[in-house]
Amino acid sequence: MRRTSELPRVDDSDVIDRSLRDPSAFAEVFERHAGEIGRYVTRRVGPGVAEDIVGETFLVAFRRRTAYDRSRRNAAPWLYGIATNLIRRHRRDEMRALKALQRTGVDPVLADSFADQVDGRVAASETSRVLAPVLAGLDAGQRDVLLLTAWADLTLNEVAEVLGIPAGTARSRLSRARTKIRSALEKKEYRHG
């Protein structure tokens with residue numbers, strides 16, 4: 001039997017609508033999505049800038065909440081879109097991080113402790129050195145689609161919504177990015193195999 005305290009979850013669109021009358025209600029959107037948006041942004045730009053971008057993402061979302069399409073029950077794709085646009089402004093930092101990853105082979109976002117950093121260096125060094133320049137060499141559209149699917153775990157339809165492109169375009173960008181990565185990994189295996 002279901003307890004009365006276990007009420008069904010209210011859709012994001014309803015929360016955003018309520019926030020138009022009670023701005024403090026928008027905090028629920030933040031609570032629901034800040035973690036996933038934060039992880040995605042951190043993977044893209046590193047921890048130094050991520051907190052600012054996540055904060056700015058929710059500030060922009062709060063300011064634009066009157067324009068939110070309330071037929072969309074889940075606000076995550078909208079928030080990813082805002083975050084991705086803000087990340088584009090920080091593209092230089094992202095390119096620097098990819099170049100550092102290429103040099104060191106260590107992804108500072110994934111290495112939590114010193115032991116993790118050592119294990120990460122040993123296990124991922126070569127692959128990271130191969131992948132970092134490939135990621136840096138992808139055009140921005142391909143990189144955005146690839147990282148939104150890989151790091152944010154969005155579907156292609158959600159990625160298309162986030163980027164404001166047709167689903168077919170997202171699919172072809174992802175395919176081209178995967179082809180380039182596969183080719184780089186095959187070259188690495190050939191050289192070391």
* Under the side chain to side chain contact (heavy atoms under 4.5 Å, CB included) rule, what do Leu156 and Glu161 come out as? Steps first, then yes or no, please. => CA-CA 9 Å; Leu156 280 173; Glu161 181 182 334; over 6 Å; no
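- Under a 3.5 Å cut-off, the side chain of Ser19 and the backbone N or O of Ile16 do form a donor-acceptor pair.
- The shortest side-chain heavy-atom distance between Lys180 and Leu138 falls under the 4.5 Å cut-off.
- By the neighbour-count criterion of 12 heavy atoms within 6.0 Å, atom CZ of Arg178 is sparsely surrounded, having that number or fewer from other residues, nucleotides or ligands.
- Residues Ala136 and Arg143 approach most closely at O-NH1, 3.4 Å, considering heavy atoms.
- Between Trp78 and Ala61, the shortest heavy-atom contact is CH2-O, 3.3 Å.
- Contact detail for Ala152 and Tyr80: the closest heavy-atom pair is CB-CE2, 3.4 Å.
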* Stepwise, does the side chain to side chain contact (heavy atoms under 4.5 Å, CB included) test hold for Leu147 with Thr84? -> CA-CA 10 Å; Leu147 297 180; Thr84 299; over 6 Å; no
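- Salt bridge Arg89/Glu56: present, at least one basic N to carboxylate O contact under 4.0 Å.
- Side-chain contact between Leu146 and Leu135: present, with at least one pair of heavy atoms (C-beta onward) separated by less than 4.5 Å.
- In this model, no donor atom of one side chain and acceptor atom of the other lie less than 3.5 Å apart for Asn157 and Thr155.
- Ile87 and Tyr40 get closest at one heavy-atom pair: CD1-CE2, 3.9 Å.
- Transitive grouping of hydrophobic side chains (ILVMFWY, heavy atoms separated by less than 4.5 Å) keeps Leu59 and Val15 in distinct clusters.
- The structure places OG1 of Thr66 at 11.5 Å from CG of Asp17, a figure rounded to the nearest 0.5 Å.
- Contact between Ala50 and Val41 at its shortest, heavy atoms only, is CA-CG1, 3.7 Å.
- Using a 4.5 Å heavy-atom cutoff, the side chains of Phe58 and Ile82 are not in contact.
- Counting non-hydrogen atoms of neighbouring residues, nucleotides and ligands closer than 6.0 angstrom, the CZ atom of Arg63 reaches no more than 12 such neighbours.
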List the atom pairs, with distances to 0.1 Å, where a side-chain N or O of residues 165-174 and a protein N or O form a donor-acceptor pair under 3.5 Å, not counting sequence neighbours.
residue: Ser172; atom: OG; partner: Gly168; partner atom: O; Å: 3.4
residue: Ser172; atom: OG; partner: Thr169; partner atom: O; Å: 3.0

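- With rounding to the nearest 0.5 Å, the separation of OG in Ser13 from CZ in Arg18 is 11.0 Å.
- Distance check, rounded to the nearest 0.5 Å: OG1 of Thr57 to NE2 of His33 gives 13.0 Å.
- Residues Ala83 and Ile53 approach most closely at O-CG2, 4.3 Å, considering heavy atoms.
- Checked by atom type and distance alone, the side chain of Asp11 never pairs as donor or acceptor with a backbone atom of Asp14 at under 3.5 Å.
- In the model, Asp69 has a side-chain atom that pairs as donor or acceptor with a side-chain atom of Ser71 under 3.5 Å.
- Counting only heavy atoms from C-beta outward, the side chains of Val54 and Arg39 never approach each other to under 4.5 Å.
- The CD atom of Glu36 sits 8.0 Å away from atom CG of Leu79, with the distance rounded to the nearest 0.5 Å.
- Under a 3.5 Å cut-off, the side chain of Ser183 and the backbone N or O of Thr179 do not form any donor-acceptor pair.
- Between the side chain of Asp12 and the main chain of Ala75, a donor-acceptor pair closer than 3.5 Å is present.
- Using a 4.0 Å cut-off between a side-chain N of Lys or Arg and a carboxylate O of Asp or Glu, Asp144 and Arg44 qualify as a salt bridge.
- With contacts defined as side-chain heavy-atom distances shorter than 4.5 Å, the pair Val29/Tyr68 does not qualify.
- For the atom pair Ile181 CD1 and Gln142 CD, the distance stands at 9.5 Å (nearest 0.5 Å).
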* To do: For side chain to side chain contact (heavy atoms under 4.5 Å, CB included), just list the numbers for Arg70 and Leu20, CA-CA rounded to whole Å, side-chain angles, deciding distance to a tenth of an Å, and then say yes or no.
  => CA-CA 12 Å; Arg70 282 185 265 317; Leu20 297 175; 3.3 Å; yes
